[in-house]
Amino acid sequence: MNPITLSISEKFLNAFIEEQRYIQYIKGFLNTLKITGGALLVGIIIGVLIAAVRTSFDKNKDAMKMKGGFGYYLLAFLNGICKIYLTVIRGTPVVVQLMIMYFVVFAFSSNGIFVAILAFGINSGAYVAEIFRAGIMSIDEGQFEAGRSIGFNYVQTMRYIIIPQMFKAVLPTLLNEFIALLKETSVAGYVGVIELTKAGNIIGGRIFEYFIPLGIVALIYLATVMLLTYLVGIIERRLKKSER
């Protein structure tokens with residue numbers, strides 16, 4: 001079958017229906033969602049830890065420096081490590097980080113999805129950390145004083161008072177990071193993971209026609225992003241109503 005002589009509808013049938021090629025799109029999309037969801041979870045864990053270290057150092061460094069002791073130097077050391085991590089991760093392309101993770105760090109592993117989750121999670125963690133840090137710094141200082149007035153130490157104040165408020169403040173931004181992460185996973189095919197973009201590329205190679213397969217991929221991404229954007233809008237409106 002010569003793809004040049006086919007009509008648009010015939011090309012679509014050839015790229016999507018024939019030989020049940022739609023199953024490949026579905027499997028690729030599911031892999032995309034696995035990587036995105038797993039990476040976001042890893043990113044949130046890393047982001048919370050880094051944001052906690054950096055805000056703790058920024059808010060307490062003067063008082064801790066006056067007291068001195070091991071605690072100040074440990075927190076300063078951890079804060080320095082966090083700054084290096086943020087600089088390196090945000091200053092290098094995610095595809096390079098992915099390839100280093102797959103071909104160097106985890107060269108012994110053949111589980112591309114697991115490696116992709118870690119690579120994208122570590123990358124996302126740098127951006128999530130700054131989102132959380134900005135959210136914590138935006139909380140009124142009176143909230144910290146309120147925690148101390150009821151007998152909480154700094155860690156308890158962060159856990160029970162500050163972080164719940166921070167999550168509410170940054171939730172829309174965090175969901176937008178999820179949308180960006182969803183699109184970034186399209187480069188996972190560089191390490192052999194058959195996610196949505198890679199599935200479209202493989203189908204294009206089999207039928208010797210790339211416009212329709214990649215067009216289908218683009219439409220799936222577009223529909224997913226539009227749905228997520230709509231959900232983010234709903235959440236933002238509800239949060240604004242709850243603030244009133």
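Residue indices begin at 1 and follow the sequence shown. This structure is a prediction, so every number in the text was calculated from the model and none was measured. The figures that follow rest on heavy atoms only: side chains count, while hydrogens, waters and symmetry mates do not.
The distance from the CD1 atom of Ile234 to the CG atom of Leu175 is 11.5 Å, given to the nearest 0.5 Å. Here the OG1 atom belonging to Thr55 is positioned 11.5 Å from the CD1 atom belonging to Ile50, to the nearest 0.5 angstrom. Separating the CD1 atom in Ile203 from the CZ atom in Phe16 is a distance of 8.5 Å, to the nearest 0.5 Å. For the atom pair OH of Tyr102 and OG of Ser110, the computed distance is 6.5 Å after rounding to the nearest 0.5 Å. Here CG of Leu174 is found 10.0 Å from CD1 of Ile235. Values are rounded to the nearest 0.5 Å.
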Q: Tell me, with the steps shown, if Ile179 and Val232 meet side chain to side chain contact (heavy atoms under 4.5 Å, CB included).
A: CA-CA 10 Å; Ile179 292 173; Val232 169; 4.3 Å; yes

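Other residues, nucleotides and ligands contribute more than 12 heavy atoms inside 6.0 Å of the CE atom of Met137.
With no hydrogens or angles considered, a side-chain donor-acceptor pair links Arg21 and Asn14 at under 3.5 Å. Between the side chains of Asn31 and Glu195, no donor-acceptor pair of N or O atoms lies under 3.5 Å. Looking only at atom types and distance, the side chain of Ser186 has no donor-acceptor partner in the side chain of Tyr221 under 3.5 Å away.
A pairwise comparison of heavy atoms in Glu184 and Phe120 identifies O-CE2, 3.5 Å as the closest pair.
Salt bridge present: Glu130 and Arg54 bring a charged side-chain N and a carboxylate O closer than 4.0 Å.
Test Lys198, Arg206, Glu19 against Gln24 for side chain to side chain contact (heavy atoms under 4.5 Å, CB included) and you get one pass: Arg206.
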